[in-house]
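Everything below concerns the one structure shown next.
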Amino acid sequence: MHYRKEIDGLRAIAVVPVILFHAGLGPFSGGYVGVDIFFVISGYLITSILIEDLDKGQFSLLQFYERRARRILPALFFVLAFCCVFATLWIPPEGYKAFGEGLASVILFASNIFFWSKTDYFAPSSEENPLLHTWSLAVEEQYYLIFPILLFLIWRFGPSRVMGLFVALSLISLTVSISWAQNHASAGFFLLPARAWELFAGSICALLLIKKKIQPNVLFAFVGLICILASVFLFDETTPFPSFYAILPVLGTALIILFAREGNVVARLLSLKACVGIGLISYSAYLWHHPLFAFARLRSLSAPEAEVFLLLTVLTFCMAYLSWRFIERPFRGAAGAKRFSRRAIFKQSTAGMGLFLVIGGIAGFTDGLRNRFPAEIVDILESADRIRDRSPCFISQIAAFDTQVSECLLTLDQQQPLTVFFGDSHATGISKDLRAALAAENQGLITFQQNGCLPVAGIRRERRPYPNPCTAFVEAANAVIKQLHPKAVVLTGRWALGLEGTRFNNQEGGIEYGDNNIAVPAPSSLAATVEEQINASLTDLATHTSKLVIISQIPEAGWSVPDRFIKQLLWGDGTPLLTTSHDVYQQRNAATQALWQSFSSVENIAIVPADAVFCNQEKIGRCINAAGTTVYYSDDDHVSPAGSKRIVDHLMTVLP
């Protein structure tokens, strides 16, 4: 294949905005489109090589994957080794466990699937994930597991039919991308079905240049450059992406590949020595930049200054040059083939993959290697673990619901006063302590718990389909409550998330990850507002119990409290106190507090103000997260055993 300097220059146009975007430097708000540029370039180059092999009768899958291994794995392994060292030194156990799982997914070229299930690319928490950027490598490798075989099978039908199939597959993938942008934004960003059209765009360019003899055109090439620059500077984190917005950088890249050739002004610009030089080291630069930025953020309690990221950007390109010169180049080209045989490449690749899988497995299966830290830190971490209620009367699945209820009732003394505890995941960490406290007073407890489901009939989560698991579970639990007429019913839930629809930002650097997810009326009650439906549901529930107790919103922290507290103790000022603002809590919960106030006239409904349990105690105006050696949360919003005890102690003063 004929070498084109301008393609390396185009790689520079791709990698520089990505790095500056992640560094938060300059007006590169859409710099993430550099990945889309890489996809198109990759599709073009690989397809050109494969077609050349097919035309010469030299097509070999073994040779193809050997080339991919030489190109990708040496530098990747080197960067992963660096990440393993500093992750082991710096990442707290909860994050280190996730790092290990991510490491294994990188080696299996499935990190896009892993991060899709775990991460929002644009969430602040993703900036501390040193392996997040490997999702794009996984997309490419998944494509190249299928594409060479597909091309080999259909090439016999001629370039025209191959082109038709590529166009059809591109349109299908683009349709998926646009569709998923509406309701499955994370899947659309990370997964191959919504990204394949970008790689196919490069493949189509290769076909056009090889079979159609496209002539250079400076105007079209210039339009392509403008398309790329416009997307880099005009897009931002709020742009639904990829969707149809990705057409702009993909089209721009395709126009440059097709028309910026043979010395026209755009080709000369991209062929400048600086552009070509950056392009040559672009793969290593891409690999290095995100770990360097992530570890800088991990090691600091507050966001590093812009000057730090400027220095890290310079360091990125220095490391990229060294990596390219001494890691990438020795394995590639004729010299690399002489130095390392195909057998050696596959043998070393297998050994390296096995080693990183073992490291990832150790991190994942040992709960983040807690013993890396001093004993007092390990004690703090262990005290933060949620203790799950193992009682047969802890019911958390709609499957076999009736059977579980029957088994639970058999274990209870029918003469005991009975309380029902009903809630979402926040009930998990409280149930065991509440059961023990009630048992001490010879009272029984049934817990109904379903993750992500407010304990209210007639509403659902906006991003969940209808019907959904919440609907069936809430209806079943309500039916049991109305049948049993318990002495008391206690409700807990993530009220603020359901009613406000947004994840928590503590205004001090703690911004919770996750999709916004507001509660909406179910189709059967569309005439009601959410507040009206909650009011109606809870008022009805109160008629079937002597007392209905609602635990108001437990103060959210915004950051992983155990991790944040450990970082503060180890690398911060050592202050053994971690708090968040009560004013921010009140602003966040203004609507829910007004809703609870509406129940003040109902005689047998009581509200337990969770902020009174956690706020203005140790420090006026602040809500406690951790103090001394006690951590009150297991993550950013679920209580630890110590937090549970605070709630239960207060709750027992309210229950009849």
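Note that the structure is a prediction, hence the values are computed from the model and not measured. Position 1 is the first residue of the sequence; numbering continues from there.
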Aromatic ring pairing F77/F356, orientation class (parallel under 30°, perpendicular over 60°, tilted between):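 Ring orientation, 0 to 90° scale: tilted.
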F82 and F295 aromatic ring geometry - parallel, tilted or perpendicular at 30°/60° bounds: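 F295 vs F82 ring planes: perpendicular.
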Side chains of [X] and [Y] in contact at under 4.5 Å (non-hydrogen atoms):
X: N625; Y: W559; answer: yes
X: Y632; Y: V639; answer: no
X: D611; Y: Q553; answer: no

Any salt bridge between [X] and [Y], counting N to O under 4.0 Å?
X: R68; Y: E140; result: yes
X: D8; Y: R11; result: yes
X: E328; Y: R70; result: no

Donor-acceptor contact present, side-chain N112 to main-chain F190, <3.5 Å: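 Such a contact is found between N112 side chain and F190 backbone.
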Any donor-acceptor N/O pair, S560 side chain to D636 backbone, under 3.5 Å: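 Here the side-chain-to-backbone pair does not exist.
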For [X] and [Y], test the side chains for any donor-to-acceptor distance below 3.5 angstrom and give the result as yes or no.
X: T579; Y: E618; answer: no
X: D583; Y: S581; answer: no
X: N129; Y: H290; answer: no

Chi angles and distances behind the side chain to side chain donor-acceptor pair (under 3.5 Å) call for R386, S644: CA-CA 9 Å; R386 270 185 286 175; S644 169; over 6 Å; no
Residue of the set F109, F200, F39 for which ring pair (Phe, Tyr, Trp, His ring centres under 6.0 Å) holds with Y143: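 Running ring pair (Phe, Tyr, Trp, His ring centres under 6.0 Å) over F109, F200, F39 with Y143 returns exactly one hit, F200.
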Ring center gap for H133 and H289 short of 6.0 angstrom: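 Here the rings of H289 and H133 have centres that are less than 6.0 Å from each other.
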